[in-house]
Amino acid sequence: TGRTRPERLLQYLQKNGTRGDANNVVDTIDRFCGTVEWAMNVGGEKGKIVDKVVLETNPGTVLELGTYCGYSAVRMGRLLAPGSRLITLEMNPAYAKVAKEVIAFAGLDKQVEVLVGSTTELIPQLKKKLDIDTFDMIFLDHWKQSYLPDTKLLEECGLLRKGTVLLADNVICPGTPDYLQYVRSSPKYLSQHFPSVLEYTNAPDGLEKSVYLG
Ligand SMILES: Oc1cc(-c2ccc(F)cc2)cc2nccnc12
Ligand SMILES: [Mg+2]
């Protein structure tokens, strides 16, 4: 049986979910985390804000930093137009293994690609590895202390263009103060805060949407 939380989440999905139905996968994972075991997915409340930003942006290319079990990759992937691509980076191989199975279960393995490795190592390789010049949207949801250095790395690698939307999870809890200060004070970004709650709790959290101005 599932020794780790991601394995238990996957087993619950395989037992209770509807294969090929991405909306059902999102709801089933939320039910697991709300009734069986908390897990660090962006969740239903913040997820509704993610949905709104994705639908408004209608991105052809999305880069996610921090896959975990693939919940937000499925949540965003289910809203992308045909032919759009979501690349998600995960440094923990065990997490990446579960995420690939969750994404395949949802029927999104053609639109969503999981790369295993550290962001510091993978970000400079993306142009070469993928047939992608710049990203239309970035979702930051990995280690909080990596948000700022990785944002600067994305700038340096020329992976952002005028209008690229950066959406960051957990800017209140656990909190990313250096990243917030940067995107809110830099003339290169136009930022907007979306107050919400930490997934599956009523603790305050929030998302920060920052448009890159070039
Ligand atoms: O959404 C999240 C929540 C938390 C987290 C853990 C424990 C707490 F008590 C509160 C919040 C950690 C996260 N790490 C990486 C990506 N996303 C995360
Ligand atoms: Mg998060």
Side-chain angles (χ1 to χ4, degrees), residues 4-10 13 25-54 62-79 86-100 102-103 106 112 114-123 137-151 153-154 165-180 182-183 191-210:
T4 68
R5 183 170 309 185
E7 286 170 338
R8 291 192 292 272
L9 181 151
L10 175 60
L13 175 64
V25 167
V26 168
D27 293 341
T28 303
I29 293 175
D30 281 338
R31 189 164 63 251
F32 173 76
C33 297
T35 63
V36 181
E37 197 171 355
W38 188 91
M40 59 178 171
N41 315 121
V42 74
E45 287 313 307
K46 288 187 288 181
K48 288 190 186 77
I49 300 168
V50 174
D51 290 355
K52 192 171 68 69
V53 173
V54 170
V62 183
L63 176 65
E64 173 180 69
L65 307 181
T67 317
Y68 189 44
C69 295
Y71 172 93
S72 45
V74 168
R75 186 149 199 142
M76 293 188 286
R78 85 195 205 283
L79 301 176
L86 189 153
I87 312 299
T88 180
L89 312 185
E90 177 51 59
M91 70 172 295
N92 181 316
Y95 291 174
K97 181 175 182 297
V98 166
K100 285 174 182 174
V102 168
I103 290 158
V112 177
V114 182
L115 299 180
V116 187
S118 82
T119 49
T120 316
E121 163 211 323
L122 288 174
I123 286 172
M137 181 171 173
I138 315 284
F139 184 56
L140 298 93
D141 191 22
H142 56 330
W143 281 349
K144 309 312 151 197
Q145 69 275 20
S146 298
Y147 281 32
L148 181 52
D150 286 349
T151 297
L153 186 57
L154 286 165
V165 170
L166 278 69
L167 187 63
D169 189 26
N170 309 117
V171 298
I172 305 299
C173 174
T176 61
D178 59 344
Y179 172 80
L180 273 190
Y182 178 72
V183 290
S191 287
Q192 182 182 3
H193 185 66
F194 293 89
S196 185
V197 288
L198 177 68
E199 51 266 29
Y200 318 114
T201 78
N202 51 22
D205 191 10
L207 300 169
E208 190 83 359
K209 176 189 170 187
S210 305

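Bear in mind the structure is a predicted one, so any value in this text is a computation, not a measurement. For ligands, and for the atoms within them, numbers begin at 1 and follow the listed sequence.
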Fill in: Winner among Asn170, Asp169, Thr67 once heavy atoms are compared against atom 2 (C) of ligand 1
Asn170
Worksheet item: What protein heavy atom is closest to atom 9 (F) of ligand 1, reported as residue, atom name and distance in Å?
Response: Leu198 CD2, 5.0 Å
Worksheet, complete the sentence: re atom 1 (O) of ligand 1, the protein heavy-atom contact at minimum distance is Glu199 OE2, 2.5 Å
Worksheet, complete the sentence: Angle subtended at the Mg ion (ligand 2) by Asp141 OD1 and Asn170 OD1, to the nearest 10 degrees, is 90°
Worksheet item: Does Glu7 offer a backbone N or O that forms a donor-acceptor pair with the side chain of Thr4 under 3.5 Å?
Response: yes
Worksheet, complete the sentence: For atom 14 (N) of ligand 1, the closest protein heavy atom turns out to be Met40 SD, 3.4 Å
Item to complete: Around atom 15 (C) of ligand 1, find the nearest protein heavy atom and jot down its residue, atom name and distance.
Response: Lys144 NZ, 3.4 Å
Worksheet item: Where does the angle between the aromatic ring planes of His142 and Tyr147 fall among parallel (under 30°), tilted (30 to 60°) and perpendicular (over 60°)?
Response: parallel
Practice prompt. May I ask you to decide if Tyr71's main-chain N or O and Asn41's side chain share a donor-acceptor pair within less than 3.5 Å?
Written response: no
Response to the item:
His142 heavy atoms within 4.0 Å reach ligand 1 at atoms 15 (C), 16 (C)
Worksheet item: Can you list the steps and then say if Thr151 with Leu140 is a side chain to side chain contact (heavy atoms under 4.5 Å, CB included)?
Response: CA-CA 9 Å; Thr151 297; Leu140 298 93; 3.6 Å; yes
Item to complete: With heavy atoms only and a cut-off of under 4.0 Å, state how Asn41 meets ligand 1: side chain, backbone, both or neither.
Response: neither
Fill in: Check: Asp141 N/O within less than 3.5 Å of ligand 1 N/O
yes
Worksheet item: Rounded to the nearest 0.5 Å, what separation is found between the CG atom of Asn170 and the CG atom of Leu198?
Response: 7.0 Å
Worksheet entry | Evaluation steps, side chain to side chain contact (heavy atoms under 4.5 Å, CB included), between Thr88 and Val112 | CA-CA 7 Å; Thr88 180; Val112 177; 4.2 Å; yes
Worksheet item: Which residue owns the protein heavy atom closest to atom 7 (C) of ligand 1, what's the atom, and how far is it?
Response: Trp38 CH2, 4.2 Å
Worksheet item: Got a donor-acceptor contact below 3.5 angstrom from the Ser118 side chain to the Glu121 backbone?
Response: yes
Fill in: Name of whichever N/O/S atom of Asp169 is nearest to the Mg ion (ligand 2)
OD2
Worksheet item: Would a 4.5 Å heavy-atom cut-off, applied to side chains only, mark Tyr200 and Glu37 as touching?
Response: no
